[in-house]
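Below is one structure, written out as structure tokens, with a few remarks after it.
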Amino acid sequence: MAKITKLDDIVSLCKRRGFIFQSSEIYGGLASCYDYGPLGVELKRNVRKAWWKSVVQTRDDVVGLDCSILMHPLVWKASGHADKFADLIAECKKCNTRSRIDHLKEKSNTADDEHTEHISIDAAQAHAHDLTNKICPACGAVGNFTEPMPFRLMFETQMGANVDDSMKMFLRPETAQGIFVNFRNVLDTARVKIPFGIAQIGKSFRNEVTTKAFIFRTREFEQAELEFFCEPGTDEKWYEHWKEKRFNWYLALGIKKENLQFRQHDPDELAHYAKACVDIEYKFPFGSGDWQELEGIANRTDYDLRQHQRGIRTLNDWFENNNDLSKIQLKAEDPDYHKGPLSYFDQENKKRYIPYVIEPSAGIDRSTLAFLVDAYDEEQVRGETRNLLRFHPQLAPIKTAVFPLVKKEGMPDTAKKICNELKKYFNCFYDQKGAIGRRYRRQDEAGTPFCVTIDGQTKEDNTVTLRDRDSMEQIRLSTDKLSGYLRKKLEM
RNA sequence: GCGGGUGUAGCUCAGCGGUAGAGCGUCACGUUGCCAACGUGAAUGUCGUGGGUUCAAGUCCCAUCACCCGCUCCA
């Protein structure tokens, strides 16, 4: 079991071994942003690769996609993300409770304010000008608020070099919408039939109110999302299918069972689009020992595709309002929505419907860290502490290290030759520096599953020793068999 | 956002007004025939950043940035 007990230890481990650094560190750091170092980038790539292999490569019913991060602003109107913009929050100076200012009540006015629709920030700001009469719902203090602060969920940027006619754009807050928007394209070109899924891995951006906790909640993060389209009525079956499939994926890659659990969402905490949602949680060894979400699996119903059908109908308003999202209301849904442009026609049963969607949405950064932390181990060997990372071979940043036992009798040359041969198939590391034991331990720390050592006997009978990371046991192997043996062991 | 804490070598930390330090790690040379061996030598710091006080500031004061813990928030 990992000996790490504090987040500080994890941060230190990541830095020391070159897995994760703070962004812009020499400038004092940038909050909530992190960089992957030489070992970290390999680990993360392997996590992506393992996800893709499990979700796309080995299945007949899932295809991949890679969408742009910038999308048509109406996408975010239709998805509901853009409306979050009007949330203006003020904080009570007395009790530090934050409230949406449009939910605050007047002291003199006992009648309930009408529930405010989301409006543009400018409009809301004008409304919110005067908080002197507003009451804090928590402590009852009157007019004792901080300046209203807009709560921006999405990152903004502009498209177009000319300042005057540049268009305000958003960095995507989830990769899912790129998939929904391409549903028709994939359907028309990939010869897929429902049930089928579209998978994507990519960066997303969210202006979280608080970040903290290392890379668990960052504003820029990487998601691996699958939108699995199925016929309404079969959605619950597929929900169960993906729950099990995804949970087992973590286990198969070495996460210890006692550190992994499901957490079912209560109906009142479900997102507006979801019929059901469950989190896969990992027990990160924070001070508090809290379970943290690695992945959410949601039944998104037909919500998104139906919303985008409304979005398409709103396109004229968009042009008429000079591309100003804040002036646009989404058009009502067509009563015949189930025959709309994003519907699916089932040739076999002559049925047309809007498919339901099951969405497993995993955080690549979070699971990368979970794999890292879960693999960490310390053990006593001959009175010394051996630190090692027991990565699953598929995830190990370096698969094999090759050493000459000593720097003479041509051993380095032979070792280099073998290393270069193995590099054709996987990451392989050559090292001739220092005592052999030290080199083994260095690789243990990097999580390298195998070490190959060339010794005096190699010249005589063409064999090498192969040392196993976890057991430290050694076997002799003929060099002709080395590559095949390793590839089999490494599942590559 | 609030409260508390921490920033000194790659890492862990000592130094708390008076020449910038240790352990581990890194590098070089030698030695070394299988698990962090040994010897010799070497490199490395705007003491997070910016101001101030002082003859003199890692050290005291102010601001700022970043991180951690606990709230709060968020999904």
Side-chain angles (χ1 to χ4, degrees), chain A residues 6-18 21-34 37 81 84 87 89-100 138 145-147 149 151 153 173-174 206-217 219 263 265-266 268-274 277 279 286-288 290 292-293 295-296 298 361 363 379-388 403-409 411 432-445 451-458 464-469 471-476:
Chain A
K6 294 221 160 44
L7 192 52
D8 273 334
D9 299 333
I10 299 173
V11 176
S12 161
L13 168 86
C14 289
K15 169 98 192 265
R16 195 169 63 241
R17 309 249 170 96
F21 309 126
Q22 174 145 44
S23 167
S24 316
E25 197 185 271
I26 61 168
Y27 284 98
L30 178 64
S32 170
C33 295
Y34 293 89
H81 290 90
K84 296 260 185 181
D87 290 357
I89 291 174
E91 188 168 297
C92 174
K93 288 177 183 166
K94 193 177 163 200
C95 68
N96 295 329
T97 302
R98 286 178 173 184
S99 310
R100 271 179 64 172
F145 291 98
T146 60
E147 278 296 297
M149 23 190 187
F151 176 74
L153 172 73
E174 62 176 20
R206 285 183 205 169
N207 262 323
E208 301 286 354
V209 178
T210 49
T211 50
K212 319 231 166 162
F214 200 36
I215 68 165
F216 299 102
R217 186 177 294 138
R219 297 200 167 105
R263 191 182 70 81
H265 285 219
D266 293 331
D268 61 348
E269 67 171 323
L270 289 176
H272 57 283
Y273 51 75
C277 187
D279 286 344
F286 295 169
S288 55
D290 271 348
Q292 301 279 341
E293 175 188 353
E295 168 161 358
S361 171
E379 62 177 31
Q380 295 301 312
V381 179
R382 301 183 190 182
E384 297 271 2
T385 304
R386 183 170 84 112
N387 296 334
L388 70 159
F403 312 138
L405 184 58
V406 287
K407 281 182 286 186
K408 56 186 183 186
E409 293 167 27
M411 289 181 206
Q432 62 175 34
K433 283 174 277 195
I436 190 74
R438 178 188 273 309
R439 281 179 267 165
Y440 284 145
R441 297 302 173 84
R442 263 200 287 251
Q443 293 307 314
D444 289 341
E445 289 199 315
C451 294
V452 172
T453 300
I454 282 71
D455 54 23
Q457 203 182 321
T458 307
V464 295
T465 55
L466 184 70
R467 181 258 195 189
D468 180 84
R469 175 195 66 203
S471 65
M472 297 173 66
E473 276 165 14
Q474 302 189 356
I475 56 169
R476 279 208 87 82

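Lettering follows sequence order; numbering is per chain, from 1.
The P atoms of B:U49 and B:U8 are separated by 10 Å, rounded to the nearest whole Å. For the P atoms, the distance linking B:C47 with B:U59 amounts to 10 Å, nearest Å. B:C16 and B:C60 are spaced 10 Å apart, taking the C1' atom of each and rounding to whole Å.
Scanning for side-chain contact (heavy atoms from CB on, under 4.5 Å) contacts around A:Val381 gives A:Glu379, A:Arg386, A:Arg441, A:Met472, with sequence neighbours left out. Under the rule for a side-chain contact (heavy atoms from CB on, under 4.5 Å), the partners of A:Thr453 that lie at least two apart in sequence or sit in another chain are A:Phe403, A:Leu405, A:Ile436, A:Tyr440, A:Thr465. Taking the side chain to side chain donor-acceptor pair (under 3.5 Å) definition, one finds that A:Glu25 meets it with A:Lys15, sequence neighbours left out. Judged as a side-chain contact (heavy atoms from CB on, under 4.5 Å), and not counting sequence neighbours, the contacts of A:Ser23 are A:Leu30, A:Cys33, A:Asp35.
One can place CZ of A:Phe214 at 13 Å from C1' of B:A66, the figure rounded to the nearest angstrom. Following rounding to the nearest Å, A:Arg217 (CZ) and B:U72 (P) show an atom-to-atom distance of 13 Å.
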> Can you give one letter per nucleotide of nucleotides 7-14 of chain B, 5' to 3': B if a protein heavy atom sits under 4.0 Å from the base, S if only from the sugar-phosphate, - if neither?
Replying inline: ---SSS--

> With the sugar-phosphate defined as primed atoms, P, OP1 and OP2, and the base as all remaining atoms, what B/S/- string results for nucleotides 22-33 of chain B, 5' to 3', for protein heavy atoms under 4.0 Å?
Replying inline: ---SSSS---BB

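Residue contacts shown for A:Tyr34 are limited to sugar-phosphate atoms, with no base heavy atom under 4.0 Å away.
For B:G58, the O4'-C1' to base torsion is within 90° of 0; the nucleotide is therefore syn.
Under the 3.5 Å distance criterion, with hydrogens and angles disregarded, a donor-acceptor pair is assigned to the side chains of A:Thr385 and A:Gln380.
Close to B:C35, at under 4.0 Å from its OP1 or OP2, lies no side-chain N or O of A:Gln474.
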